[in-house]
Protein chains: 2
Amino acid sequence: MRAVQDSMDVLSGKWKIPIISSICYYNKRRFSDILNDIDGISNRMLSKELKELEINQLVSRTVLDTQPVTVEYKLTDHGLTLRTIINQLTEWGIEHRKVIIAK
Amino acid sequence: MRAVQDSMDVLSGKWKIPIISSICYYNKRRFSDILNDIDGISNRMLSKELKELEINQLVSRTVLDTQPVTVEYKLTDHGLTLRTIINQLTEWGIEHRKVIIAK
DNA sequence: CAGGATCCTATACGATACTG
DNA sequence: CAGTATCGTATAGGATCCTG
């Protein structure tokens, strides 16, 4: 189980996967856009989680020379390897909903 | 992002995925065996998480008529649909470890 | 063996306000 | 716009002991 626990150490929590999903879906995504994509997240949490994802090399941060400043997030090559997992989790969420409602 | 958040509502946390992995790997698994499979989990947490997984219809519980009582956990059909995701998360954990160490 | 009860701590998370 | 600071609450989780 060790390997899967390593994954969850990085991906667990309420927001990591949704954040990665947002960036993945749009390829590049600005802070405020991610904030809007994800239902219920606060700027404090988004900031904190993005920092952790950066430390774990899943996400890269680029400050754009605009006025006012905007910041663009992308998935790193390593982050992109999560793509199929994200897609499957999305499909699974839809199916899961049906199962629970059916009961 | 809604669908992936639905998934994470059910799967998030430190232990759910490792628990599912353990049961999935062995097909059937007893309480004490899962306890041993997963590094660092307490019986309190295992009990609590299994109950939640049962409520979400991912796991089924069977009390065996032995002395003393043993309890066997299996994945439901719905739980089994997580199989490929679990496998990919396992592989990803291994790769992630390499990436982090390489840095 | 499989848990429940109790108690306690850590941290995840939320709300609001502020700044370069 | 993209955060940081501060504060407060809730929940996750750990340790230990107990029981049918």
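Per chain, numbering begins at 1; letters A, B, ... match sequence-line order. Computed over heavy atoms, backbone and side chain alike; hydrogens, waters and symmetry mates excluded. Nothing here was measured: the structure is a model prediction, and the numbers come from that model.
- Atom pair B:Gln5:CD and C:dC13:P shows a separation of 12 Å (rounding to whole Å applied).
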Inset, instruction - Output, in order, the C-alpha distance, side-chain angles, deciding distance and verdict of side chain to side chain contact (heavy atoms under 4.5 Å, CB included) for B:Leu89 and B:Asn87. - result: CA-CA 5 Å; B:Leu89 278 171; B:Asn87 289 337; over 6 Å; no
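- Closest approach to the B:Ser47 side chain among C:dA2, C:dG4, D:dC1 is made by C:dG4 (side chain taken as heavy atoms from C-beta onward).
- Taking the side chain as every heavy atom from C-beta outward, B:Asp39 and A:Arg2 approach each other to under 4.5 Å.
- Remark: C1' of D:dA15 and CG of B:Leu35 are 14 Å apart, rounded to the nearest angstrom.
- Straight-line distance from the CE atom of A:Met45 to the C1' atom of D:dA2: 16 Å, rounded to whole Å.
- Across all their heavy atoms, B:Ile17 and B:Leu11 have their closest contact at CG1-O, 3.9 Å.
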Legend entry - Step-by-step side chain to side chain contact (heavy atoms under 4.5 Å, CB included) determination, A:Ile41 to A:Ile19: CA-CA 10 Å; A:Ile41 195 169; A:Ile19 291 169; 4.1 Å; yes
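- The nearest whole Å value for the distance from the CG atom in B:Leu46 to the P atom in D:dA12 is 16 Å.
- Evaluation of the salt bridge (charged side-chain N to carboxylate O under 4.0 Å, His left out) test over residues 85-97 of chain A, restricted to residues two or more places apart or in two chains, returns A:Glu95-A:Lys98, A:Arg97-B:Asp6.
- Nucleic acid contact class of B:Lys16 (heavy atoms, under 4.0 Å, all strands): none.
- Not counting sequence neighbours, the partners of A:Arg29 by the side chain to side chain contact (heavy atoms under 4.5 Å, CB included) test are A:Ser22, A:Ile23, A:Tyr26, A:Asp33, A:Ile34, A:Asp37.
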With the criterion being N/O to N/O and under 3.5 Å, what pairs connect the protein with nucleotides 15-18 of chain C, and how long is each?
{"residue": "C:dA15", "atom": "N6", "partner": "A:Arg44", "partner atom": "NE", "Å": "3.2"}

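- Here the side chain of A:Lys14 is nearest to one of C:dC13, C:dA2, D:dT4, namely C:dC13.
- Which of D:dA2, C:dC13, C:dA2 sits closest to the side chain of A:Val71 comes down to D:dA2.
- One atom, CG of B:Asp39, and another, C1' of D:dG14, lie 14 Å apart when rounded to the nearest Å.
- Distance B:Lys48 NZ to C:dT6 C1': 15 Å, rounded to the nearest Å.
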Legend entry - Test side chain to side chain contact (heavy atoms under 4.5 Å, CB included) applied to A:Leu50 and A:Arg61, step by step: CA-CA 9 Å; A:Leu50 280 168; A:Arg61 197 186 96 114; over 6 Å; no
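- Atom-to-atom, CD of A:Glu49 to P of D:dG3 comes out at 14 Å; the value is rounded to the nearest Å.
- When distances are taken from the side chain of B:Trp15 to each of C:dA2, C:dG14, D:dG13, the shortest belongs to D:dG13.
- Of the two residues contacting DNA chain D, namely A:Leu50 and B:Val69, the nearest-nucleotide position lying further toward the 5' end is that of A:Leu50.
- Each of A:Pro68 and A:Glu52 lies near DNA chain C, and the nucleotide nearest A:Glu52 is the one positioned closer to the 5' end.
- Put simply, CD1 on B:Ile34 is 13 Å from C1' on C:dG3, counting in whole angstrom units.
- Look at B:Tyr73 and you'll find a side-chain N or O under 4.0 angstrom from OP1 or OP2 of C:dG3.
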